[in-house]
Peer 1: 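So that we are looking at the same thing, I have put the structure below in structure tokens.
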Amino acid sequence: MSELTLQFESSDDELPEEVAFDASKSVALKSVKDALDAAKREKNLLKEKRRKKQQLFQEQKKRKLLPQELLEEFDTKPQKQTDLSANKGIYKKVSTKPSHNNKVKEQETGTMPKKTPKSLPVSYRVMRIKDESAAKTLQQRATDFVQSRLYGPGTKRTTNAELLSLKKKRGASQGAAVEFANKKLGACKKARIKRSNKRFIRQQKLIPF
Amino acid sequence: MGEFKVHRVRFFDYMPSGIRALAFNQDTERMAVARMDGSVEVFHCSDRFFQEKIIPGREQCGIEGLSWVGERLFSAGLNGGITEYDLTNQKVKYTIDAYGGPIWTITGNQQGTHLAVGCEDGTVKLFEVNEDQIQFERNLDRQKSRIISLSWHPSGSKIAAGMMDMIQVFNVETGHSIHRMLADRGAGTSRSKECVVWSVVYLSDGTIITGDSVGMVKLWDDQTGTLIKSHNVTKCDVLALSVSQNEDSLVAGTSEGIVVQFQFVSMVLEKDDKEWVRTRTFRNHTHDIRAVAEITTAVVSGGMDAQLVVRPLLDKIEVRSAASALRKIHFPHRRLVSCARKSGLMLFQYPGHLELWRLGESEGKGTPGSSLFVKRNPEKLLQLKVKGEDHIRCSAVSPCGGWIVYSTASTLRLYRLHCDNNNISITKISKLPKVLSSANQLCFSSDSSHLFSASAQSSVHIASLSQSGCKFVGTLKPKSGSHQAIHLLAASEDGKWLASANSDHEVHIYNLQTQKAHCTVPVYSSAVTAMGIHPATNCLFMMHADQQMFEYSIEQKQYTDWSRTVQRKGLHRFWVERDTPCLNVMFNPQNPSHVILHDMYMLCIIDQSLPLPDDKTQFYNQLTLKSLTEEQRKSQSHAFKVCKTFKDILCVELMPDQSLVVVERPLEDIATQLPAPIKQKKFAT
């Protein structure tokens with residue numbers, strides 16, 4: 001408090017300093033220029049970032065698409081895959097696989113009758129029935145749906161050990177948590193912790209030889 | 001009474017499977033229970049909930065719903081097929097594919113003519129129920145999201161479907177949707193997830209009641225298609241709903257394990273304006289409740305903690321009896337453990353494999369109640385995995401320990417076991433008689449020379465076992481009576497008699513030397529849960545589900561005098577009020593008047609030479625007898641000696657060296673391996 005009053009006193013007693021007009025003008029101009037520069041730099045930086053992102057996307061897209069030759073093959077030569085695409089059941093989701101590329105290459109060599117090229121709708125993918133049984137994956141997907149709704153993220157689940165321990169805590173004869181009382185519970189986890197403890201002690205040389 | 005060395009066995013890691021669906025048949029008073037592993041069990045509600053029939057499941061079954069149509073039982077699951085069960089022979093009759101993807105729900109109309117299934121692809125398919133099969137009739141209008149639950153209007157003209165985020169009411173005649181009611185997604189984090197309408201109930205006055213994943217029980221009006229009232233029951237999901245027969249009571253099961261009851265009552269006495277009011281809360285489960293059913297006098301619920309809980313509604317019960325107590329069914333009412341007495345081996349039956357263990361040895365003597373030093377630990381000798389996807393229905397090991405047999409729904413396999421001190425070798429008997437294709441129950445004769453296999457039409461096939469293999473000897477057929485499947489077999493010690501008990505409460509006794517039916521025990525109203533033939537007197541001792549016991553003399557073809565005395569005097573109240581059935585009857589060759597029984601919570605030795613207790617005597621008098629003098633003990637002791645030291649007993653066996661084997665499965669160990677429960681905030685934790 002006293003320092004402040006001293007400062008005020010000093011500024012009150014003395015005459016104001018003389019500052020040249022040019023100096024202050026240059027200072028003001030400089031600050032304006034700095035601000036403009038900063039803004040420009042920011043703009044350039046963002047531009048760079050955008051450019052880099054665009055490049056990355058282009059690259060990824062290139063990687064995702066098949067090589068140019070194969071795309072041409074698909075359009076010109078009708079293959080066995082078109083038979084599969086003919087049965088447009090809702091479950092027959094069809095996907096491109098590396099095995100198909102090999103198949104396509106093999107059939108390149110043989111002579112195929114020229115049919116009008118059929119292209120698949122955007123949401124359909126080509127898949128071999130031998131590789132996956134369609135019914136099985138539907139059942140698996142349904143089970144996964146139920147699992148995620150009941151046990152997945154967003155549900156507040158706890159462990160059985162905690163449930164039993166809480167029961168013991170509030171029960172008639174109160175006892176320790178189940179992990180400590182029941183030897184079988186988490187036996188492998190306890191063994192792992194014990195081993196890592198031993199390793200730590202040896203490493204840190206906590207026990208003198 | 002006897003000192004026994006007890007092998008306390010806890011290495012049978014039996015895991016029951018969670019309950020997925022319940023269906024109650026009003027006319028026959030049977031409750032069908034579907035489990036997560038695909039097995040279907042039928043309980044008799046008025047016979048102390050005895051587990052009458054078990055149809056084993058298979059791998060990757062994914063059963064989702066059960067429905068009774070008259071006396072026929074249908075189920076549907078995520079494998080896309082509708083299955084009908086043959087309840088007489090306890091197996092699957094046929095499965096037809098509904099071609100709609102995974103099926104989430106199946107329900108029959110009240111008239112018993114049609115079955116509706118809700119599929120993953122958004123269609124409600126109607127099947128016509130014919131005499132011998134069901135036939136696809138038509139689809140209702142296809143919707144964009146999956147159909148999770150269905151409910152018919154009692155008239156059969158409309159059907160309500162619970163889907164993702166909405167409820168649709170269909171006109172069955174035209175197949176078009178009449179109303180579309182949107183279920184609210186709730187506040188907070190649940191706004192981003194779709195609201196799943198897990199269950200729906202359609203009442204005859206047009207009210208539709210739904211339980212959804214936000215935890216609300218909502219009442220809708222089907223005339224206007226609007227929400228009437230909504231009750232916030234829980235923070236997690238409401239998974240199951242069930243309405244009573246006269247539509248005045250509704251129970252809802254939640255993920256937290258609580259069952260909430262709503263009743264249709266008037267708020268003011270003697271006024272006629274009734275509404276649905278939340279009345280009772282039952283907290284009998286620890287894990288998610290996947291199915292509830294309201295039967296006439298009780299609420300039955302089951303879920304992921306694998307116990308079936310029967311909670312009687314005390315306002316509907318007039319007399320305090322065994323039916324008015326809370327009942328929890330943990331273990332199956334069948335034996336899963338068989339014992340090779342002469343060689344000290346135990347066979348444990350799991351759904352997908354069998355385990356053979358040798359018992360350990362101890363040394364030294366101790367005071368009663370102390371544990372002895374274990375000289376040799378019990379060791380697992382063999383693990384036999386079942387080929388194929390079916391689960392094991394029954395299994396047995398021969399008394400000498402040389403043969404193991406098991407049966408699934410489609411096959412029967414017999415193995416020869418050679419057990420030297422350290423070497424175990426097992427060979428499969430490949431050439432089995434064609435008749436032995438699948439068995440409902442299996443039993444070896446006491447000298448391990450014959451195998452008895454209970455199969456279709458209540459008949460028993462006999463096969464002889466020898467070094468060269470297995471040969472078919474003959475079939476025992478009952479003279480008359482039902483064709484229900486046999487669930488118990490008992491062979492006599494001398495190899496002359498065989499008794500079989502089937503699901504129609506019939507007990508037939510066969511003469512093995514002539515291979516003909518000898519006699520039939522008079523039919524009793526309750527099912528047989530355990531039976532055994534006394535080695536010396538050849539009397540058949542039977543325990544029933546209502547805790548009554550009978551002793552029938554095979555040679556004289558009539559009840560014994562002791563049995564008549566028991567019936568005349570009546571059993572003690574504490575004995576009759578026990579809520580778990582006795583699963584094994586054993587005899588002690590050294591004390592011919594002893595009968596050893598056990599149920600899930602106690603072990604009892606009945607001494608037939610001592611007087612029976614009447615209602616006024618102290619039933620559990622073991623401790624008091626210890627403190628009395630020799631003279632007083634003689635006057636005070638009665639026939640029932642009950643030991644309650646062991647809990648959660650799966651099986652008790654008496655070995656020839658006068659030691660008992662008690663196989664326990666502590667419920668706490670089962671609880672640690674169940675799926676994760678919901679986190680509940682309790683006061684002071």
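All values reported here derive from a predicted model rather than from experimental measurement. So that the names make sense, note that chain A is the first sequence line, chain B the second, and so on, each numbered from 1.
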Peer 1: With only heavy atoms counted, which part of B:Ser213 is less than 4.5 Å from chain A, the side chain, the backbone, both or neither?
Peer 2: side chain
Peer 1: Is it the side chain or the backbone of A:Ala161 that comes within 4.5 Å of chain B heavy atoms, both, or neither?
Peer 2: neither
Peer 1: With a 4.5 Å cut-off on heavy-atom pairs, point out which of A:Thr158, A:Leu164, A:Val146 contacts chain B the most.
Peer 2: A:Thr158
Peer 1: Tell me whether the NZ or CZ atom of B:Arg146 lies within the 45° cone about the ring axis of A:Phe145 and under 6.0 Å from its centre.
Peer 2: yes
Peer 1: Show every donor-acceptor pair shorter than 3.5 Å between a side-chain atom in residues 673-680 of chain B and any protein atom, with sequence neighbours excluded, or say none if there are none.
Peer 2:
residue	atom	partner	partner atom	Å
B:Lys679	NZ	A:Glu162	OE2	3.3
B:Gln680	NE2	B:Glu256	O	2.9

Peer 1: Heavy-atom pairs under 4.5 Å with chain A: which of B:Val196, B:Leu239, B:Asp97 has the most?
Peer 2: B:Val196
Peer 1: Please check if the number of heavy atoms outside A:Lys156 that lie under 6.0 Å from its NZ is greater than 12.
Peer 2: no
Peer 1: Is it true that atom NZ of A:Lys168 has more than 12 heavy atoms of other residues, nucleotides or ligands lying nearer than 6.0 Å?
Peer 2: yes
Peer 1: Under a 4.5 Å cutoff for heavy-atom pairs, which residue among A:Arg149, A:Lys169, A:Arg170 has the most contacts with chain B?
Peer 2: A:Arg149
Peer 1: Just checking, A:Arg157 and A:Tyr151: is the charged tip under 6.0 Å from the six-membered ring centre and within 45° of the axis?
Peer 2: yes
Peer 1: Please state whether the side chain, the backbone, both or neither of B:Arg10 comes within less than 4.5 Å of a heavy atom of chain A.
Peer 2: backbone
Peer 1: Look at the aromatic rings of B:Tyr350 and B:Phe12 and report parallel, tilted or perpendicular, splitting at 30° and 60°.
Peer 2: perpendicular
Peer 1: Where on B:Glu668 is there a heavy atom nearer than 4.5 Å to chain A: the side chain, the backbone, both, or neither?
Peer 2: both
Peer 1: Side chain, backbone, both or neither: which part of A:Thr159 has a heavy atom under 4.5 Å from chain B?
Peer 2: backbone
